[in-house]
Amino acid sequence: MNLFKRLVKDSIQGIGIASTLYLLCGMVFDYLNHGTLIMENWEFSRQAIGTLLVGIGFSAPTEIYGRENLPFPLKVLFHMGIGCTVYTIVGFRVGWIPVQLGWGICILLIFLQFFVAFLIWLGYALHYRMLAKNINQKIQEKEKES
C-alpha cells in the first residue's frame, strides 16, 4: 500500500477514535449538566472540526513506525509528541481546556490528555505485539510441518 493510501486509512481510523471519544465525553458532560449542555456561536462545529484535526494529528504520525532507522522510543516520542501538541493547541482553541478555570485545571487536563493518549497507544501496542507473536507462532508451526 502506498504512503497516501496508508495516511488516508490511518487518518480515517484516527478520526473514528477521536469522534468516539468526543461523543462519549459529550454524553458524560451532558449527564453531569443534567441535560442542559448548551453550545452556541458555532461551538459544536468548531469542536467537531477540532475532533477531526486531533484524529489526524494522532494518526498521521504513525507512519513513523515504518522507519527502520529510528529507535522505537524516538518513534513513540515523535508520534505522541505531534498528537499531544495538536490536541493541546486544538483544546485551547475550541474550549476543551478551559482557561477561565485557571492554569492549574489547564495543566491537570493536559496531563489527563497525555495519560489517555498513552493508554490508547498502549492498547494498540499490546494488540500489535500479540498479533506479531501469533503470526510468528504460525510461521514456526508451518516450518516444523515442512
Side-chain angles (χ1 to χ4, degrees), residues 1-101 103 105-142:
M1 187 180 319
N2 69 26
L3 175 64
F4 180 74
K5 285 183 181 178
R6 282 193 314 267
L7 283 174
V8 169
K9 178 187 158 289
D10 291 344
S11 294
I12 289 170
Q13 185 177 19
I15 288 169
I17 292 168
S19 297
T20 300
L21 290 173
Y22 176 71
L23 289 172
L24 290 173
C25 288
M27 290 188 303
V28 167
F29 281 105
D30 194 37
Y31 175 78
L32 294 175
N33 287 301
H34 307 289
T36 60
L37 184 62
I38 298 171
M39 293 188 178
E40 301 176 318
N41 300 320
W42 305 100
E43 187 175 2
F44 177 80
S45 296
R46 283 195 314 273
Q47 289 188 14
I49 292 167
T51 299
L52 298 175
L53 293 173
V54 169
I56 293 168
F58 273 107
S59 60
T62 60
E63 187 61 33
I64 194 76
Y65 293 106
R67 306 285 181 195
E68 304 261 338
N69 57 344
L70 290 174
F72 187 71
L74 193 58
K75 293 175 185 179
V76 174
L77 183 64
F78 180 82
H79 169 217
M80 298 302 285
I82 290 174
C84 289
T85 299
V86 169
Y87 177 87
T88 302
I89 292 168
V90 169
F92 277 114
R93 181 70 178 103
V94 302
W96 295 332
I97 302 173
V99 180
Q100 70 274 13
L101 297 180
W103 285 103
I105 296 293
C106 292
I107 291 169
L108 177 68
L109 289 173
I110 291 169
F111 279 117
L112 181 63
Q113 161 223 314
F114 288 159
F115 180 71
V116 169
F118 177 75
L119 287 179
I120 293 169
W121 175 87
L122 185 62
Y124 272 92
L126 293 174
H127 167 74
Y128 285 114
R129 177 176 276 174
M130 285 180 48
L131 188 64
K133 182 180 176 184
N134 290 340
I135 290 171
N136 287 334
Q137 283 177 341
K138 288 181 182 183
I139 290 172
Q140 288 174 355
E141 289 171 6
K142 292 281 185 187

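Heavy-atom minimum distance, Met39 versus Tyr22: CE-OH, 3.7 Å. Among all heavy-atom pairs drawn from Gly57 and Ile82, the shortest one is O-CG2, 3.7 Å. Contact between Asn2 and Lys5 at its shortest, heavy atoms only, is OD1-N, 2.8 Å. Across all non-hydrogen atoms, the minimal contact from Trp96 to Gly50 is CH2-C, 3.7 Å. Nearest heavy-atom pair across Asp30 and Thr36 is OD1-N, 3.9 Å. Thr88 approaches Ile97 most closely through the heavy-atom pair O-CD1, 3.9 Å.
At a threshold of 4.5 Å between non-hydrogen side-chain atoms, the residues Phe78 and Arg67 do not count as touching. Tyr87 is not listed as a side-chain neighbour of Val116, based on a closest heavy-atom distance of 4.5 Å or more. Annotation: side chain of Leu131 is in contact with side chain of Tyr128 (closest heavy-atom distance under 4.5 Å). Between Arg46 and Ile49 the shortest side-chain heavy-atom distance does not fall below 4.5 Å.
Remark: Glu43 engages no residue in a salt bridge (charged side-chain N to carboxylate O under 4.0 Å, His left out) (not counting sequence neighbours). Every side-chain hydrogen bond (donor to acceptor under 3.5 Å, both in side chains) that Arg6 has, sequence neighbours left out, goes to Glu63. When the side-chain hydrogen bond (donor to acceptor under 3.5 Å, both in side chains) test is applied to Ser59, no partner is found at least two apart in sequence or on another chain. Qualifying side-chain hydrogen bond (donor to acceptor under 3.5 Å, both in side chains) partners for Ser11, counting only residues two or more places apart in sequence or in other chains: none. With sequence neighbours left out, Trp42 forms a ring pair (Phe, Tyr, Trp, His ring centres under 6.0 Å) with no residue at all. Applying the side-chain hydrogen bond (donor to acceptor under 3.5 Å, both in side chains) rule to Tyr65 yields the partners His79, Trp121; only residues at least two apart in sequence or on another chain are considered.
The distance from the CD1 atom of Ile120 to the CZ atom of Phe115 is 11.0 Å, given to the nearest 0.5 Å. Of the inter-residue distances, the one linking Ile12 atom CD1 with Leu7 atom CG reads 11.0 Å to the nearest 0.5 angstrom. The line from OG1 of Thr51 to CG of Leu23 is 8.0 Å long, rounded to the nearest 0.5 Å. The distance from atom CD1 of Ile89 to atom SG of Cys84, rounded to the nearest 0.5 Å, is 11.5 Å. Taken to the nearest 0.5 Å, the CE atom of Met27 stands 12.0 Å off from the CG atom of Leu32. Distance NZ/Lys75 to OG1/Thr62: 12.0 Å, rounded to 0.5 Å.
Ile15 pairs with exactly one of Thr20, Asp10, Leu52 by the side-chain contact (heavy atoms from CB on, under 4.5 Å) rule, that one being Leu52.
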Next item on the list: List the steps and the verdict of side chain to side chain contact (heavy atoms under 4.5 Å, CB included) for Asn136 and Lys133.
Entry: CA-CA 5 Å; Asn136 287 334; Lys133 182 180 176 184; 5.8 Å; no

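Heavy atoms of other residues, nucleotides or ligands lying less than 6.0 angstrom from CZ of Phe92 number more than 12.
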